[in-house]
Amino acid sequence: MRGLKCSAASFALKLKIILVIVSIAIGLFACTSGKTGRSGIVIADSSSYEASIYRQNCAICHGAEANGKMVDGTMVPSLRFGDAAKKSKEEIFQQIAHGKLPMPSFENQLSEKEMQQMVRFIIEDLQGRKYSKNSK
Ligand code: HEC
């Protein structure tokens, strides 16, 4: 009788230990499975129109994931962090439309609407900042 009680108690204890281990494992998985650990999207995984414009026109200099890159001895800045993340909608639009050497102007390659879409893409999807059509 005593032995039976004891093994029931140790079974319950084992069950508790297993539950704790499983919940730690789930917690760890949830924390590490976020691909970038940042607020921005993974461009390579995105099928949005803006992501495809980015891959065709911008990735060559700003890097596949917009984290910046060395091109011909010049450091092309990240579009996720740093100065880019402090710029207003208007400043980003001007940068894309008119460029700033060595970045070319895109006003002959992209439509006005596409350039606006890229501004939203950079602010909202890459930087995780709030974007609203009507704000500055
Ligand atoms: C030929 C290379 C090149 C290409 C292509 C290019 N850029 Fe740039 N871009 C640069 C460089 C270099 C700078 C930094 C210019 C400077 O000194 O201010 C820059 C700066 C920027 C900035 C301002 C970043 C900051 O830190 O303030 C934005 C926004 C930007 N680019 C967006 C884009 C977008 C969107 C595209 C695609 C439509 C694109 N760029 C394509 C080279 C490029």
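Nothing fancy with the numbering, it's 1 onward along the sequence. Start at 1 and go down the list; that is how both ligands and their atoms are numbered.
Going from atom OH of Tyr54 over to atom CD1 of Ile43 covers 5.0 Å, rounded to the nearest 0.5 Å. Here OG of Ser88 is found 8.0 Å from CZ of Arg129. Values are rounded to the nearest 0.5 Å. Put simply, CD on Gln127 and CZ on Arg80 are 9.5 Å apart, with the number rounded to the nearest 0.5 Å. Between the CG atom in Leu79 and the NZ atom in Lys87 there is a gap of 9.5 Å [rounded to 0.5 Å]. In this structure, CD in Glu124 is found 10.5 Å from CD1 in Ile41, a value given to the nearest 0.5 Å.
At least one donor-acceptor pair under 3.5 Å links the side chain of Lys89 to the backbone N or O of Ser132.
Of all protein heavy atoms, the one closest to atom 41 (C) of ligand 1 is Phe106 CE1, 3.4 Å. For atom 10 (C) of ligand 1, the nearest non-hydrogen atom of the protein is Met103 CB, 3.3 Å. For atom 5 (C) of ligand 1, the closest non-hydrogen atom of the protein is Asn57 O, 3.2 Å. For atom 36 (C) of ligand 1, the nearest non-hydrogen atom of the protein is Cys58 SG, 2.8 Å. Looking only at heavy atoms of the protein, atom 16 (C) of ligand 1 is closest to Lys100 CD, 4.1 Å.
The atoms of ligand 1 that sit less than 4.0 Å from any heavy atom of Lys87 are 23 (C), 25 (C), 27 (O). Close contacts between ligand 1 and Cys61 involve ligand atoms 1 (C), 2 (C), 3 (C), 4 (C), 5 (C), 42 (C), 43 (C) [criterion: under 4.0 Å to a heavy atom]. Each of the atoms 35 (C) of ligand 1 lies under 4.0 Å from some heavy atom of Ile96. The contact set between ligand 1 and Pro104, taken as ligand atoms under 4.0 Å from a residue heavy atom, comprises 1 (C), 3 (C), 4 (C). Close contacts of ligand 1 with Pro102, meaning ligand atoms under 4.0 Å from a residue heavy atom, involve 1 (C), 12 (C). Taking every non-hydrogen atom of Ala84 and a distance limit under 4.0 Å, the qualifying atoms of ligand 1 come out as 24 (C), 25 (C), 26 (O), 27 (O). The ligand atoms of ligand 1 that sit less than 4.0 angstrom from a heavy atom of Val76 are 10 (C), 11 (C), 42 (C).
Contact annotation: for Pro77 versus ligand 1, heavy atoms closer than 4.0 Å belong to the side chain alone. Neither the backbone nor the side chain of Val71 has a heavy atom within less than 4.0 Å of ligand 1. Only side-chain heavy atoms of Ile122 come within less than 4.0 Å of ligand 1; its backbone N, CA, C and O stay farther off.
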Would Arg120 and Asp125 satisfy side-chain contact (heavy atoms from CB on, under 4.5 Å), going step by step from the backbone distance to the final call?
CA-CA 7 Å; Arg120 188 211 58 79; Asp125 296 351; 3.0 Å; yes

Test Glu112 against Phe93 for side-chain contact (heavy atoms from CB on, under 4.5 Å), laying out the working first.
CA-CA 9 Å; Glu112 164 98 23; Phe93 184 86; 3.8 Å; yes

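Both Ile123 and Tyr49 belong to a single network of hydrophobic side chains, linked directly or stepwise wherever heavy atoms of I, L, V, M, F, W or Y lie under 4.5 Å apart.
Side-chain contact of Glu91 with Gln95: a donor-acceptor pair under 3.5 Å is absent, judged by distance alone.
Among the backbone and side-chain atoms of Gln95, none of the N, O or S atoms lies under 2.8 Å from atom 8 (Fe) of ligand 1. Taking 2.8 Å as the criterion, His62 counts as a coordinating residue of atom 8 (Fe) of ligand 1, since one of its N, O or S atoms falls below it.
Side-chain atoms of Ser78 and His62, non-hydrogen and from C-beta on, never get closer than 4.5 Å to each other.
The closest approach between a heavy atom of Gly82 and any atom of ligand 1 is not below 4.0 Å.
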